[in-house]
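Both counts, for ligands and for their atoms, begin at 1 and track the order of listing.
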Amino acid sequence: MNSEAIKDRDEVEERKVFKYLNKPESVRENPTGLSIYFADKEVELVWYRPGVVRVLIDDRDDFNRKPSTPAVVAEHEEVKLDYLYNEEEVRVLGPELEIGVQLDEFGLLFFDKDDNLLQADFPGQAYGFNRGEVEINKVLKSRERIYGLGEKTGFLDKRGQSYQMWNTDTFDPHVPSTDPLYISVPFYLSFDGELSSGIYFDNSYRTEFDLGAEQEEMLSVQAAGGRIDYYFMAAEKARDVVKKYTWLTGRTPLPPLWSLGHHQSRYSYYPEERVHELADRFREEEIPCDVIHLDIHYMDDYRVFTWDEDKFPEPARMLTELGDAGFKLVNIVDPGVKKDPEYSVYRSGQLNDFFCRYLDGELYTGDVWPGESVFPDFTEEDVRNWWQDLHQEMIEQGIKGFWNDMNEPAVFNENMTMDEMVEHKNDGDPGLHKRFHNLYGLFEAMATSQALEKFSAERPFVLSRAAFAGSQRYSAVWTGDNRSFWEHIELSIPMITNLGISGLGFAGCDIGGFTGDSSGELLTRWYQLAAFMPFFRNHTTIGSREQEPWAFGEPYTSIIREYIELRYHFLPQIYKLFHEQSRTGLPVWRPLFFHYQDDEKTYNLSDQVLVGDNIMLAPVMRPDRRERLVYLPAGNWYDFWSGELYEGGRSHLYQAELDRLPLFIQAGSSFVTMEPVQYIENSFSDLTLNIVLVEDDFQFRDNIYEDDGISFDYQNGAYNLTEYKVSADENGIKVEFINKKTGYDSGLDNIQVRILNLDYDGVKVTFNGNVLSSNDYIYQDKDLIISLPYQQEGVMNILAL
Ligand code: MIG
C-alpha cells in the first residue's frame with residue numbers, strides 16, 4: 001500500500017470513532033419547539049421566526065441557550081406550532097417549515113409548507129461526538145448545489161469540494177486548492193433548481209465543511225470543539241435564504257457615500273510629499289478619486305497609533321489640505337502592539353492587563369511587522385473600549401476610516417497565527433484561542449467601527465481582512481493578497497459573489513493585483529469589472545510596478561478614466577443597492593440564479609454577475625481578447641453602449657474592444673445615474689432615472705434612495721425614498737411617482753427621466769394632465785430626456801404622435 005492509501009484508510013478509521021445520537025429517551029413540547037432527550041444530551045428545536053429554526057445540542061445538566069458566538073443578533077419571535085405524533089416520528093408543524101423528528105435512529109427531516117423535503121440528516125450518523133469534536137452529517141440530494149461559505153476560491157457552486165474555516169493569512173497564490181483564507185463564514189445556501197434552504201453553523205472553532213468531496217451524497221460538517229448549534233433556514237426563493245441569514249446575523253449598515261467611490265492604495269505611499277503628488281495627479285488627470293489609503297510605513301517603526309514624524313511631520317495639516325481637495329484618508333491599523341516598554345500603547349495595555357496571555361499568566365508574544373509584539377484581547381469589552389480611545393487622536397486629526405489588516409491574527413511563525421492555547425477572557429465566559437481565533441477580526445472591527453462612531457459622528461468606514469459571520473455589521477472586506485494574474489480577475493467574481501451570499505456584501509479585491517507587476521491591459525480589464533464592485537480599490541504591494549490609473553500611459557489611462565467615471569455615473573444606483581442591502585441583506589453583487597432561478601444555465605455561471613437584479617456584467621478577462629461569449633437569461637437585454645436589444649435565453653458572441661465592458665441592462669427595468677464628479681462632496685449632484693423599454697407591454701416598480709450620504713440622520717427619517725411605477729402599452733408610457741418619504745432636502749430642483757431607445761416619431765408628454773412644453777424635453781441619440789420637478793408626485797404620460 002502506498003502512503004496515500006494508508007493515509008486515506010487512517011482518515012476513514014478516524015471518522016468512525018464519532019458516537020452518534022441514536023434513540024432518544026423522551027421528547028417534550030416546549031414553548032418554542034421541541035426538546036429531545038438522550039442519556040446525557042438534549043436537543044432543542046427553537047422556532048426563531050417563520051422558516052428559521054435553531055437546532056441546539058448541549059449537555060443535559062448544563063444546557064445553555066446563549067448564542068454560541070457573537071454572530072447571532074436576532075431574538076426569537078413567537079410562532080404558533082402544532083405537533084403530530086406516531087411511532088417513528090414527531091412532526092412539528094410551524095410556519096414555513098415542518099420538522100420530522102425521527103425517533104428510531106435520531107435525525108431530522110426538514111420540509112417546506114408543501115411537504116417537499118428540503119433537507120435530511122444522514123441516517124444513523126446525524127449528530128456525532130468525539131472527544132470534544134462535533135459532527136453533523138446531511139444527505140446531499142442529487143441536484144443539490146452549495147453556495148456561500150464566505151471567502152473561498154473556485155467556482156460559484158461549491159459542491160464536491162471541502163473547505164476549512166480557520167482565518168489564515170495565506171500568501172500562496174490563491175488557486176482553487178488554496179484554503180483556508182482570511183475570512184470564515186460557516187454558512188451555506190443549498191439550491192436544487194426548485195427548493196432552497198440554508199444552514200448557519202454557529203460555531204467558531206476550526207471547522208471543516210465537506211460538501212460531497214469524500215462521499216458524493218454526504219455533506220459533513222466537523223468542528224474541532226464547541227457545540228452543535230445551527231440554524232436551518234427555509235425559503236421559497238434562493239435569494240430569500242440570504243434575507244433570513246442576514247436577519248439572523250445582521251446587515252451592513254449604510255456606509256458613507258464617499259466609501260463607494262474610488263480608493264487608491266499601495267504598500268506604501270510616503271512621505272507626505274508623495275501623498276500630495278498622488279492626490280494632485282488625480283485632480284490633474286481628472287480621474288475621480290475619493291480615498292487614499294496609508295499602509296504600514298506611515299507609522300513610527302510600525303507602532304500602531306503613531307505617525308513617523310519624519311515622513312508625516314504634521315498629520316492634521318496634511319489631512320486638512322487633502323480634505324480640502326476632496327480626499328478622505330484611511331490608515332491601516334494592525335492588531336500587533338510592539339513590545340516596547342517605552343511605547344505608550346504597550347505600557348497602558350500592560351498596566352491594564354489587556355493583552356492575551358496563557359492561562360498560567362505568561363504573556364503571549366509573536367513576531368509581526370514591529371518585531372516582537374503582543375495582541376489585545378478584543379473579546380473583552382474593556383479592551384475594545386481602550387482600543388477605541390486609541391483612535392481618537394487620529395480621527396480628530398482628520399483620518400476618515402481604518403483598515404484592519406493582519407487580524408486573523410497573522411503571526412510570523414510556523415502556524416501563521418497565535419498559539420491555540422492562548423487564553424481569551426471574553427467578558428466572563430473565557431476560553432482558548434482555538435475557540436476565539438475566527439472571531440478575532442470581528443471583535444477588532446467592532447471596536448474600530450465604534451471608535452469612528454464615537455469620535456466622528458459620521459458613518460464609520462472600516463475595511464477588514466479577517467472576518468466571521470456577522471462581520472458585515474462592522475466592516476467591508478477585501479479578498480487579501482491576490483496577484484496580478486488574469487485568473488485573479490476571473491476569480492474575483494465567484495469569490496465576491498459568494499461573500500455576498502454569506503452576508504458580506506461590501507466586498508472587493510485589489511484592482512490590478514497585489515503581488516506581481518500589473519500591465520496596462522490587465523489593469524484596464526480589471527477596472528472595467530471593478531467599476532461595479534461593491535468595494536472599489538486599486539492596491540499593490542511593496543516594490544511592485546506602479547499601477548495607478550495613469551501608470552501605463554495611453555490608451556489605458558483614458559479607458560480607465562472612463563470606467564472610474566462610469567462608477568460615479570452609476571453611484572446613485574449602487575447607493576440604492578447598498579440601501580436595499582442594509583434593509584434586506586440582499587447583496588449588491590448577485591449570482592444570476594438569484595433572479596433567474598428557473599434557468600439551469602445560471603446555476604454555476606461564474607464569469608458573469610448581476611449588479612442588483614437588472615444590470616449584468618460579462619467582463620473580458622483574458623489578454624488579447626476582443627470578443628467573448630455572453631450568456632443572457634430570458635427576456636431582452638439592452639446593450640448599455642450601443643442601445644441595441646439582445647435576445648435572451650441564449651449566448652451571444654460579443655465584440656469587446658479594449659475599451660468595452662460587455663454591460664447589459666434587462667429590458668423593462670430602470671437604473672439611476674448622475675453626472676460623474678471628481679469626488680463626493682455630500683450627496684448626488686444630479687439624478688437621472690433611466691428607463692429601458694421592451695417591445696411588449698410591461699410594468700415594474702422601483703425606487704430612488706437619497707440622503708446626506710454621511711450622517712446618521714437617515715435613521716431618524718432624513719432621507720428621500722421616491723417610488724416610481726412604470727408601465728407601457730400601445731397607448732404609450734406611463735411613469736407614476738410616489739413619495740414614500742421626503743425627509744431630506746437635497747437641493748435638487750429637477751430630476752431627468754431618460755427613456756432609452758424610444759422609437760416614436762414625435763411625442764406629447766404630460767405631467768398630471770398638463771402638457772409639457774417642448775423646452776422640458778429633448779430627443780438625443782434616440783433617447784427622450786424629460787426634466788421634471790424633483791419630488792413632485794404624480795403621473796407622467798408619454799404618447800406617440
Ligand atoms: O504581510 O500592510 O493583505 O494589503 O498591503 C503584508 C502591508 C501585510 C498584507 C495586506 C496588504 C498590505 C500588507 N499586509
Side-chain angles (χ1 to χ4, degrees), residues 151 153 167-174 178 180-183 263-270 274-275 278 291-308 311 329-338 366-371 373 375 401-418 440-441 444-445 448 461-467 471 475-485 488 491-492 495-496 499 507-518 526 530 533 535-548:
E151 184 183 45
T153 52
N167 292 354
T168 305
D169 175 12
T170 307
F171 190 69
D172 293 337
H174 300 170
T178 313
L181 291 172
Y182 319 86
I183 296 173
H263 298 235
Q264 180 67 50
S265 182
R266 96 160 280 136
Y267 175 15
S268 310
Y269 289 123
Y270 67 85
R274 183 148 177 233
V275 180
L278 177 77
V291 194
I292 294 174
H293 289 237
L294 296 185
D295 206 327
I296 51 177
H297 291 99
Y298 77 82
M299 291 180 268
D300 170 18
D301 204 13
Y302 307 120
R303 287 174 183 82
V304 281
F305 305 110
T306 67
W307 291 91
D308 181 317
K311 297 178 190 137
L329 269 84
V330 168
N331 273 359
I332 197 168
V333 173
D334 289 354
V337 173
K338 188 178 178 65
D367 276 354
V368 276
W369 295 115
S373 299
F375 297 85
F402 293 96
W403 167 20
N404 288 171
D405 188 25
M406 303 286 282
N407 52 351
E408 293 71 28
V411 181
F412 303 152
N413 62 23
E414 215 174 297
N415 300 327
M416 304 170 76
T417 192
M418 191 182 277
Y440 197 79
E444 190 199 15
T448 310
F461 172 74
V462 178
L463 175 66
S464 180
R465 192 172 70 177
S471 283
S475 63
V477 296
W478 92 106
T479 59
D481 298 343
N482 64 359
R483 305 208 169 193
S484 298
F485 293 162
H488 278 188
L491 172 64
S492 70
M495 217 167 169
I496 292 170
L499 279 166
C509 67
D510 289 347
I511 301 166
F514 180 70
T515 316
D517 292 328
S518 208
W526 213 317
M533 269 181 200
F535 174 59
F536 184 44
R537 183 182 74 156
N538 178 336
H539 180 52
T540 187
T541 190
I542 192 166
S544 69
R545 188 165 175 178
E546 293 192 345
Q547 64 182 43
E548 290 78 14

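- Near ligand 1, residues Tyr267, Asp295, Ile296, Ile332, Trp369, Trp403, Asp405, Met406, Arg465, Trp478, Asp481, Phe514, His539 come within 4.0 angstrom through at least one heavy atom.
- Looking only at distances, a side-chain donor or acceptor of Tyr298 sits under 3.5 Å from a matching main-chain atom of Ile332.
- Using a distance-only test at 3.5 Å, with no hydrogens or angles considered, no donor-acceptor pair links the side chain of Thr306 to the main chain of Val304.
- Under the 6.0 Å distance and 45° angle rule, Arg483 counts as a cation-pi partner of Phe171.
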>> One pair to check against ring pair (Phe, Tyr, Trp, His ring centres under 6.0 Å): Phe535 and His263. What are the steps and the verdict?
In response: CA-CA 9 Å; Phe535 174 59; His263 298 235; 4.8 Å; yes

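- Arg537 meets the salt bridge (Lys or Arg N to Asp or Glu O under 4.0 Å) test with Asp510; sequence neighbours excluded.
- In this structure a side-chain-to-backbone donor-acceptor pair under 3.5 Å is present from Thr417 to Pro409.
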